[in-house]
Asks: 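I have a structure I would like to understand better, so I am pasting it below and will then ask my questions one at a time.
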There are 2 protein chains.
Amino acid sequence: MARFPADPRRPLTLRDVSEASGVSEMTVSRVLRNRGDVSEATRVKVLEAARTLGYVPNKIAGALASQRVNLVGVIIPSLSNLVFPEVLSGISAELEDTGLQPVVGVTNYRPDKEEAVLYEMLSWRPSGVIIAGLEHTEAARAMLENAGVPVVEIMDVDGEGVDSVVGISHRRAGRHMAEAIVAAGYRKIGFLGTKMPEDHRARKRFEGFSEGLAEAGLAVSDTEFYSGGSALLKGREMTQAILARNPDLDFLYYSNDMIGAGGLLWCLENGYDVPERLGLAGFNGVDLLEGLPRRLATMDACRREIGRKAAEIIAGRPHGGMIGGEVIELEPVLQLGDTIRRR
Amino acid sequence: MARFPADPRRPLTLRDVSEASGVSEMTVSRVLRNRGDVSEATRVKVLEAARTLGYVPNKIAGALASQRVNLVGVIIPSLSNLVFPEVLSGISAELEDTGLQPVVGVTNYRPDKEEAVLYEMLSWRPSGVIIAGLEHTEAARAMLENAGVPVVEIMDVDGEGVDSVVGISHRRAGRHMAEAIVAAGYRKIGFLGTKMPEDHRARKRFEGFSEGLAEAGLAVSDTEFYSGGSALLKGREMTQAILARNPDLDFLYYSNDMIGAGGLLWCLENGYDVPERLGLAGFNGVDLLEGLPRRLATMDACRREIGRKAAEIIAGRPHGGMIGGEVIELEPVLQLGDTIRRR
DNA sequence: CCCGTTACCGTTATCGCTAACATAGCGCTT
DNA sequence: AAGCGCTATGTTAGCGATAACGGTAACGGG
């Protein structure tokens, strides 16, 4: 892999390839991008030269000249939540052969971090932005509006979006779960969730859940919140705590499957009769649940599908075409599992 | 948020800000990058103008002009493995206030995908590359060597690196586990793992494990492999299968904690005396294990620490300074938990 | 033999920003 | 008053690619 140019440490440019193959830079550029007419002979010559030199195109220069960037910014709160990697996988799959590529930014559920990440992303002039949630700082919202590229807000449809929106209604999801629980005859219901004030979706589920209970003349009897740590362990601890405080609860609704799984394990170990004496339910439908001793009731949050649809919208917009934003609401499916009694 | 320029849809540039604030583009650039001396008065003026216009700098142009890119490419096999998000979190934490920013690429354990992702990343001329594993295609290796930026290969030290290497020896990890198991008096040992031929680290653990047993005059009595699906569930199924085939096994070594956890749950449900009659161990030390009925024996793979150290190396290299690569080997810690008997 | 077509390839002018150098104004020294 | 050293700002010349257009060779029909 010898280097012809004078300074062996200078990074390679189109010119190096052009000199090595005896054609103009423009022709090399055409070959490398498969664009325009190039004779088979020179095409082979150029590719050969590029390969032996080990040339890697400089997309920075390319993007500046063409005003085109094949990146899609994806902004999510966390990677350790398991839900978001699944959304990502849906996005990647859909983007696979569109020439577009996702770039991920993580906010840790902090609005200021989200704003910073968004700013950073937009400074690379991506072809589109996919961002979790509908709640943003004022500045972030302004940036999204003025970005001049398609924006898709995902996960949640309960609120006003900037452009397109793909998600589920967490409020209705909570309400549906409440209805199912009431229908199954449970009456003294506890709620266990995260303490994070910025987890708007969990909050909306809780609100919808409360409303659903209210319609049946019920209310949440007790709540327990946590933050940080191993979710499975927290689920155990919280379950123990809430049941110690309130032994006559007959249902526990967890804001996610992980703490729900922890609660389930704890209940089984401590001899609770699930689902007769005590019902349990989580949220998300993570496939981890399949390996549990009993299948926890949950609701599938359509994570992969949300990713797919969002990517589809970005990929479908013909280069900045500002068509009106669409709102796609998916229907989460209730899975009763083995922890809600059936009759 | 009014727009002064003629065409209201034209993206903003430095010139717009410069005209709005009455100074040269260069001065605006200086203000926005906090570089060079600018009087407080003009600084305020410029920031004000930039803010009201909603200007977002164009890093593409900036990078081209300055030959500097604040991105670090991070290439990992998967996001659903839980291990890699943790590595990522270590990287992000360390990069937090260096001005550098990680950009993630996922290979799905496919060498050809890895090569493609690497090519794509290098075409953006990042300041460094962090890549999982030591095994790459020939072309990928050549790209890494000629990239002209620091490269850190992570997770594994059993092999030859391109530049710097941060990880643990999976071979020795397997061997240590074997020694601990033998020392605890187990003799008929089964191994359960992934089928993936490209999971070199799991393979190396298995090899080291076999060597460790061999030194005590033992061998792996039976093996069971899987691919895809819910790891927890697979752990159950494999455990059932291997024990049905080979009821006198007295120890099961799992290649990761998830299938180990599934196995543990299955064993407990089916009345196995763990750890007396049957010992179990996994690998990784994921904190999910804390919520299990019993603490699975495992070895911490130092995931966060690996991320930190790798990022530290990238951040510490003064802009392309090609100092010789360092090799940092971390020591995984054996945690006996409750599933290896102690005497 | 001329001219229009087609197929291929080169030239020129940016893209938006920053490195490096140039310059202007100021206070102070000697 | 000239000269010096600052500080604050402007000017110039690219960075490495691509868009848009221009040019040329080869060919064929009239």
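Letters A, B, ... are given to chains in the order of the sequence lines, protein chains preceding strands, and every chain is numbered from 1.
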Asks: For the side chain of A:Glu153 and the backbone of A:Val162, is there at least one donor-acceptor N/O pair under 3.5 Å apart?
Replies: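 Between the backbone of A:Val162 and the side chain of A:Glu153 there is a qualifying donor-acceptor contact (under 3.5 Å).
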
Asks: Going from CG on B:Leu122 to CE on B:Met143, what distance comes out if it is rounded to the nearest 0.5 angstrom?
Replies: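 B:Leu122 atom CG to B:Met143 atom CE measures 6.5 Å (nearest 0.5 Å).
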
Asks: Reading DNA chain D from 5' onward, which residue's closest nucleotide shows up sooner: B:Ala65 or B:Ser39?
Replies: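 The residue mapped nearer the 5' terminus is B:Ser39.
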
Asks: Just checking, is any N or O donor in the side chain of B:Ser92 or B:Ser89 under 3.5 Å from an acceptor N or O on the other one?
Replies: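 On atom types as modelled, these side chains do not qualify, holding no pair under 3.5 Å.
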
Asks: Is the shortest side-chain N/O distance from A:Gln67 to OP1 or OP2 of C:dG16 below 4.0 Å?
Replies: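 Indeed, a polar side-chain atom of A:Gln67 lies that close.
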
Asks: A:Met26 side chain: which of D:dC15, C:dA20, D:dA20 is closest?
Replies: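 Side chain of A:Met26 sits closest to D:dA20.
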
Asks: OP1 or OP2 of D:dT9 versus the side-chain N and O atoms of B:Thr42: is any pair under 4.0 Å?
Replies: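 For D:dT9, OP1/OP2 do have a side-chain N/O of B:Thr42 under 4.0 Å.
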
Asks: Which pair of non-hydrogen atoms, one from A:Ala50 and one from A:Leu32, has the smallest distance, and what is that distance?
Replies: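 Heavy atoms of A:Ala50 and A:Leu32 come nearest at CB-CD1, 4.5 Å.
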
Asks: With a 4.0 Å limit, can you tell me whether A:Ser24 has a side-chain N or O closer than that to the phosphate oxygens OP1/OP2 of C:dC9?
Replies: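 Answer is no, no contact under 4.0 Å.
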
Asks: Between the base of C:dG10 and the side chain of A:Arg30, is there a donor and acceptor pair under 3.5 angstrom?
Replies: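 Yes, the side chain and the base share a sub-3.5 Å donor-acceptor pair.
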
Asks: Which of the following nucleotides, D:dA17, C:dC17, D:dA19, is nearest to the side chain of B:Tyr55?
Replies: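 Minimum distance to the B:Tyr55 side chain belongs to C:dC17.
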
Asks: Please confirm whether the shortest side-chain N or O distance from B:Arg68 to OP1 or OP2 of D:dC15 is below 4.0 Å.
Replies: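 So the side chain of B:Arg68 is outside the cut-off, no N or O lying under 4.0 Å from OP1 or OP2 of D:dC15.
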
Asks: Got a donor-acceptor contact below 3.5 angstrom from the A:Asn58 side chain to the A:Ala61 backbone?
Replies: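 Judged by distance alone, yes, a pair lies under 3.5 Å.
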
Asks: Would one find a side-chain N or O of A:Thr27 under 4.0 angstrom from OP1 or OP2 of C:dG10?
Replies: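 A:Thr27 to C:dG10 OP1/OP2: side-chain N or O found under 4.0 Å.
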
Asks: Picking from D:dT7, D:dA17, D:dT11, which would you name as closest to the side chain of B:Asp37?
Replies: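 Minimum distance to the B:Asp37 side chain belongs to D:dT7.
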
Asks: May I ask you to evaluate whether A:Arg33 reaches the phosphate of D:dA19, defined as a side-chain N or O under 4.0 Å from OP1 or OP2?
Replies: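 Yes, within the criterion.
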
Asks: So what is the end-to-end bend of the helix from C:dC1-D:dG30 to C:dT30-D:dA1, with 5 pairs used at each end and the value given to 10 degrees?
Replies: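 The angle, to the nearest 10 degrees, is 60°.
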
Asks: Can you see if the side chain of A:Ser66 gets near the phosphate of D:dT18 - specifically, an N or O under 4.0 Å from OP1 or OP2?
Replies: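 No.
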
Asks: Examine distances only and state if a side-chain atom of A:Ser21 and a backbone atom of A:Val17 form a donor-acceptor pair shorter than 3.5 Å.
Replies: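 Between the backbone of A:Val17 and the side chain of A:Ser21 there is a qualifying donor-acceptor contact (under 3.5 Å).
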
Asks: Where the side chain of A:Ser24 meets the backbone of A:Thr27, is there a donor-acceptor pair that is under 3.5 Å apart?
Replies: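 Judged by distance alone, yes, a pair lies under 3.5 Å.
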
